[in-house]
Number of protein chains: 2
Amino acid sequence: MSTSFNALIEHFKNYFPLDEKERVELSERFNERKIKRRGFILQQGDVCRHFTFVVSGCFKMYAVDQASKEHNLQFAAENDWITDLSSFYSEKPSGAYIEAIEPSVILQIKHADLLHLYIRYHKFDRNFRIIIEQKYIELQNRMLQSISSTAEERYLSFLEQYPKLANRLPNTQIASYLGITPEFLSNIRKGLIKKS
Amino acid sequence: MSTSFNALIEHFKNYFPLDEKERVELSERFNERKIKRRGFILQQGDVCRHFTFVVSGCFKMYAVDQASKEHNLQFAAENDWITDLSSFYSEKPSGAYIEAIEPSVILQIKHADLLHLYIRYHKFDRNFRIIIEQKYIELQNRMLQSISSTAEERYLSFLEQYPKLANRLPNTQIASYLGITPEFLSNIRKGLIKKS
DNA sequence: AAAATTGCTTAAAGTAGTTTAAGGCATCAT
DNA sequence: ATGATGCCTTAAACTACTTTAAGCAATTTT
């Protein structure tokens with residue numbers, strides 16, 4: 001069994017660990033892919049066919065507005081999940097892109113295969129419920145910040161919460177995630193240096 | 001069986017409907033409560049002990065900042081769920097309040113009882129997974145708007161997405177949800193009237 | 001190796017949203 | 001009934017953030 005599958009099996013140990021039968025099913029239903037830097041696993045207008053586990057590398061999910069500006073909805077690095085949930089379950093075209101920021105290795109499962117796991121094995125429903133609950137909590141905290149904090153506070157909080165990610169990402173990408181322009185982020189950083 | 005339980009059983013018909021045994025368990029594990037206008041079902045510093053289904057009425061969940069300003073994280077009206085997920089599962093003190101905006105009737109389940117349902121019945125894990133996935137999708141759309149749209153666009157989109165809620169809520173509450181001041185919302189509304 | 005693209009910064013001018021203060025109207029408690 | 005409280009609005013002054021434009025360094029592509 002490849003090290004990619006091991007990474008995923010290890011990941012599930014954080015929740016309700018899989019037994020032998022479930023591990024076999026997992027390795028039969030998930031497919032490994034390597035994605036180059038700037039490679040897409042989802043483009044606007046396409047149906048999001050896969051639920052993706054990131055084994056190594058890093059992705060961004062973003063939407064593009066009328067003025068062709070990109071807005072980063074989420075990042076996903078090692079041991080994180082990424083998909084356009086809405087498109088994946090509805091099987092309707094997505095409004096978003098998912099693009100590799102670094103050369104990456106991923107494990108993907110198709111809609112029908114994930115439903116198979118949900119139906120056959122209580123544990124997959126359980127584990128994915130917990131995974132999505134945790135992501136909901138994270139997103140709600142981000143939303144609270146967005147309606148209650150200044151851009152500087154949101155930036156500092158991003159650095160604190162995702163220090164590794166912050167080191168790997170260009171500031172333009174962080175600015176897009178925070179909902180500000182790269183110019184203003186640069187201005188914030190200047191202010192922080194002066195303070196320290 | 002009270003009409004409150006019927007509302008919850010009907011609600012689950014949108015997902016995977018409950019069989020007789022599950023319906024009985026549900027009515028044994030959920031408790032009905034009536035909450036007055038301005039009554040709290042969660043206050044900052046308390047552990048959030050319940051997962052709450054709103055049968056009738058309306059609630060807001062909000063956090064209070066250092067300047068004592070309230071920031072609305074979410075509303076929940078009929079047939080919606082509300083809880084501080086983070087506090088509920090971690091059993092640590094919550095940073096938020098959940099308060100009735102109208103006289104309300106709710107059904108609540110405690111942590112241990114919900115875990116019981118999850119363990120015994122695959123279907124509760126399944127249904128709650130789907131419920132939280134849908135709430136995640138909604139929240140992600142709101143987050144996208146927050147980083148990419150003006151306050152006017154967010155307001156119009158709120159009116160479109162939650163027309164019934166918009167009619168029931170004072171504008172101060174909507175402003176807090178949108179992350180703007182009531183004064184600026186008033187200004188936006190003036191601009192919209194002039195346009196039309 | 002040269003050319004093109006991307007990332008970071010600076011600064012000046014403009015706009016979106018906040019703050020403060022005030023007044024009017026409605027609802028609620030005494 | 002009376003005073004208090006909550007809600008909505010207006011307006012002037014202020015601040016947080018964007019836009020535009022430009023320049024330089026680093027990385028990527030040819």
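Proteins get letters first, then strands, A, B, ... in listed order; numbering begins at 1 in each.
Checking the phosphate oxygens (OP1, OP2) of D:dC17, no side-chain nitrogen or oxygen of A:T181 falls inside 4.0 Å.
Remark: P of C:dT18 and CD1 of A:I147 are 12 Å apart, rounded to the nearest angstrom. Distance A:I101 CD1 to D:dT28 C1': 17 Å, rounded to the nearest Å. Atom-to-atom, CD1 of B:I188 to C1' of C:dT18 comes out at 12 Å; the value is rounded to the nearest Å. Residue A:I174 contributes atom CD1, which lies 12 Å from atom C1' of C:dC8 at whole-angstrom precision.
For the pair A:E102 and A:R168, the salt-bridge criterion is met [side-chain N within less than 4.0 Å of a carboxylate O]. A salt bridge links B:R129 to B:E133: at least one charged side-chain nitrogen sits closer than 4.0 Å to a carboxylate oxygen.
Enclosure of atom CD in A:E28 by more than 12 non-hydrogen atoms of other residues, nucleotides or ligands within 6.0 angstrom is indicated.
No side-chain donor-acceptor contact under 3.5 Å links A:Q44 and A:S94. Using a 3.5 Å distance cut-off with no hydrogens or angles, the side chains of B:R29 and B:H116 do pair a donor with an acceptor. Counted by atom type alone, B:T83 and B:T52 present zero donor-acceptor pairs between their side chains at under 3.5 Å.
Remark: B:R126 is not positioned above the aromatic ring of A:F124, lacking an NZ or CZ atom under 6.0 angstrom from the ring centre and at most 45 degrees off the axis. A cation-pi arrangement, defined by a distance under 6.0 Å to the six-membered ring centre and an angle within 45 degrees of its axis, is present between A:K60 and A:Y62.
In this structure, A:E32 and A:Q108 have side chains that are not in contact, with every pair of non-hydrogen atoms separated by 4.5 Å or more. Contact annotation: the side chain of A:F53 never approaches that of A:D80 to less than 4.5 Å [non-hydrogen atoms, C-beta and beyond].
Residue-level contact check: A:G191 touches neither bases nor backbone, having no heavy atom under 4.0 Å from any strand.
Contacts between residues 148-167 of chain A and DNA chain D, counted as heavy-atom distances below 4.0 Å, involve A:T150, A:A151, A:R154. Residues of residues 59-77 of chain B that place a heavy atom closer than 4.0 Å to DNA chain D do not occur.
Aromatic rings from A:Y162 and A:F75 are positioned such that their centres are separated by 6.0 Å or more.
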Protein-nucleic acid N or O pairs under 3.5 Å, nucleotides 4-11 of chain D:
| unit_1 | atom_1 | unit_2 | atom_2 | d |
| --- | --- | --- | --- | --- |
| D:dC8 | OP1 | B:N171 | N | 3.2 |
| D:dC8 | OP2 | B:N171 | N | 3.1 |
| D:dC8 | OP2 | B:T172 | N | 3.2 |
| D:dT9 | OP2 | B:S186 | OG | 3.2 |
| D:dT9 | OP2 | B:R189 | NE | 3.4 |
| D:dT9 | O5' | B:S186 | OG | 3.2 |

